Amino acid sequence: MFDYKTLIYESAKNVLDGLDPSDVTAADAFCDYCIPCFKFAKILRKSPMIIAADAAKAISIEGIKTEALNGYLNFTVEREGFIAHALSEIGEYKPLEDKTVCLDYSSVNIAKPFHIGHLMTTVIGGSLCNIYRELGAKVVGINHLGDWGTQFGGLISAYRRWGDEARLNERGLDELLELYVRYHSEAENDEVIAAEAREWSKKIESGDPYAVGLFEKFKATTLEQAKKVYKRLNIEFDSYLGESFYVDKVPAVEQRLEKKGLLKMSDGAEIVELSDDMPPALIRRSDGASLYIARDLAAAYYRHENYDFDKCLYVVASHQALHFKQLFKVLELLGEPWEREMIHVS
Ligand code: ARG
């Protein structure tokens with residue numbers, strides 16, 4: 001489409017008898033393309049200047065300015081038209097048309113502030129989404145929420161002791177943070193509070209409606225703040241499935257590991273031994289709680305099965321480099337070829 005050289009040749013050959021495609025030469029200081037008219041002087045019995053001047057009048061190509069200068073025909077491509085044309089061609093460039101790309105980014109934690117680290121992965125992840133989408137890929141933007149852990153038991157305990165709904169509604173995340181800080185300082189010297197927090201934590205895990213209801217409220221409060229940021233950045237997620245969603249999918253991962261003889265016991269904990277340069281991956285603690293990597297393994301299978309991705313990117317701060325190295329290694333040991341399409345964008 002950008003073959004201006006041929007376009008110029010095709011238009012000029014009717015005016016300049018004996019014109020050769022190689023007579024059209026590219027760019028010098030005066031123009032983008034030019035035709036020196038000296039070789040036509042003998043045949044036409046005119047000076048090159050006159051030949052060039054006559055030809056300049058006779059040749060008209062849309063989007064290209066034609067001028068005669070010292071026996072040369074100079075062609076200059078008009079910039080505006082060229083740019084519009086180039087942009088339209090790029091806009092139609094869709095090399096990833098049939099590809100699916102999962103992007104795990106931003107991935108905030110419930111009841112924690114949206115900090116600068118999250119802003120980084122939000123901006124980079126959001127940009128990658130736009131680029132992949134522009135290239136034609138089907139993009140699945142995933143906010144892998146940090147919504148699982150014993151800390152939420154402490155939060156419920158603190159909220160029931162010192163918090164109230166009106167203040168939570170008014171102050172949002174600030175209120176949650178303050179409650180959590182207070183819980184921590186008081187639980188240090190008060191075994192009753194700590195035990196109470198563990199009870200609530202268990203209740204969330206067992207699906208107790210009251211505990212889950214409170215937790216959902218904390219979740220909504222956190223997301224409300226994050227969504228303000230997303231709105232300003234013009235970012236939308238396709239999925240907010242967080243860690244809690246994968247808890248009941250960990251046993252299936254354990255079965256796969258078991259089948260391959262990869263699951264080992266170590267002091268009552270379930271581990272997968274990796275290569276020498278990596279510590280083992282901790283799947284389940286001796287108290288029965290699953291770990292971060294176990295839920296990420298379950299999430300990887302879920303994404304593979306539900307989105308059939310061609311690529312799965314994790315836009316996460318570099319301090320989690322080891323975590324992702326371990327995650328990909330476990331999948332490699334499990335013999336999953338799609339593990340090669342997973343990338344930690346650190
Ligand atoms: N919530 C984590 C954090 O804030 C990031 C999660 C990244 N994604 C993942 N699939 N592990 O540090």
Side-chain angles (χ1 to χ4, degrees), residues 100-129 139-152 155 173 176-177 180 215 218-227 229-230 233 235 237-250 252-253 272 274 278-279 281-284 289-307 309 311-332 334 336 338-339 341-346:
T100 299
V101 180
C102 286
L103 270 128
D104 177 323
Y105 70 108
S106 194
S107 301
V108 289
N109 300 318
I110 300 308
K112 293 242 186 80
F114 190 104
H115 61 70
I116 190 75
H118 290 121
L119 187 60
M120 287 266 281
T121 105
T122 304
V123 169
I124 295 169
S127 305
L128 285 172
C129 282
V139 171
V140 187
I142 303 167
N143 202 323
H144 185 77
L145 298 179
D147 59 0
W148 190 252
T150 51
Q151 69 270 30
F152 302 118
L155 199 58
L173 198 49
L176 288 182
L177 288 175
Y180 194 59
F215 175 68
F218 302 157
K219 196 164 166 172
T221 304
T222 312
L223 284 181
E224 203 179 301
Q225 195 213 27
K227 282 181 180 173
V229 180
Y230 300 147
L233 295 172
I235 279 171
F237 290 91
D238 300 286
S239 163
Y240 277 93
L241 289 182
E243 293 187 46
S244 65
F245 177 76
Y246 297 105
V247 173
D248 66 2
K249 293 164 186 65
V250 170
V253 172
V272 176
L274 305 172
M278 252 187 275
L282 225 54
I283 305 296
R284 201 179 280 286
S290 69
L291 284 126
Y292 183 49
I293 197 167
R295 297 187 289 276
D296 253 329
L297 282 163
Y301 277 103
Y302 181 86
R303 289 171 195 178
H304 172 68
E305 278 154 21
N306 285 275
Y307 305 120
F309 57 76
K311 259 194 198 325
C312 181
L313 308 187
Y314 296 86
V315 188
V316 185
S318 59
H319 66 250
Q320 291 196 32
L322 176 62
H323 166 74
F324 286 106
K325 228 175 118 184
Q326 291 176 307
L327 176 66
F328 303 158
K329 187 75 194 176
V330 175
L331 289 168
E332 185 195 314
L334 280 165
E336 305 302 353
W338 40 269
E339 164 274 326
E341 303 306 332
M342 300 187 130
I343 300 167
H344 175 208
V345 182
S346 67

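We count ligands from 1, going down the list as the structure has it; atoms in each ligand are counted the same way. In this chain, residues are counted from 1 in sequence order. Keep in mind that what you see is a predicted model, and the values were worked out from it rather than measured.
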min-distance protein heavy atom vs atom 1 (N) of ligand 1 -> Asn109 OD1, 2.7 Å
Starting from atom 6 (C) of ligand 1, which protein heavy atom do you reach first, and at what distance in Å?
Tyr292 OH, 3.3 Å
More than 12 heavy atoms of other residues, nucleotides or ligands under 6.0 Å from NZ of Lys249: yes or no?
yes
Quick one: sort the Tyr230 and Tyr240 rings into parallel, tilted or perpendicular, breaks at 30° and 60°.
tilted
Residue part near ligand 1, for Phe324, under 4.0 Å between non-hydrogen atoms:
side chain
Answer yes or no for Lys112: is there a heavy-atom contact with ligand 1 below 4.0 Å?
no
For atom 8 (N) of ligand 1, which protein heavy atom lies nearest, and how many Å away is it?
Asp104 OD1, 3.2 Å
For ligand 1, which part of Asp296 has a heavy atom less than 4.0 Å away: the side chain, the backbone, both, or neither?
side chain
Side-chain donor-acceptor pair under 3.5 Å between Tyr314 and Asp296, yes or no?
no
Could you check Val272, Val330, Val253 and say which one makes a side-chain contact (heavy atoms from CB on, under 4.5 Å) with Ile283?
Val272
Is it true that Trp338 and Tyr301 have ring centroids separated by less than 6.0 Å?
yes
Could you find the nearest protein heavy atom to atom 12 (O) of ligand 1 and give me its residue, atom name and distance?
Gln320 NE2, 2.9 Å
Mutual orientation of the aromatic rings belonging to Tyr105 and Phe237 [parallel < 30°, tilted 30-60°, perpendicular > 60°]
tilted
Considering distance alone, does some N or O of Arg303 sit under 3.5 Å from an N or O of ligand 1?
no
Among all protein heavy atoms in this structure, tell me which lies nearest to atom 7 (C) of ligand 1, with the distance rounded to 0.1 Å.
Val316 CG2, 3.4 Å
For Glu243, state whether at least one heavy atom is located under 4.0 Å from any atom of ligand 1.
no
For Ser318 and Ser346, which I'm curious about, is there any donor-acceptor pair between the side chains at under 3.5 Å?
no
Any atoms of ligand 1 less than 4.0 Å from a non-hydrogen atom of Tyr314? List them with their elements.
10 (N)
Numbered atoms and elements of ligand 1 in range of His118, under 4.0 angstrom, heavy atoms
4 (O)
Is the gap between the ring centers of Phe218 and Phe152 under 6.0 Å?
no
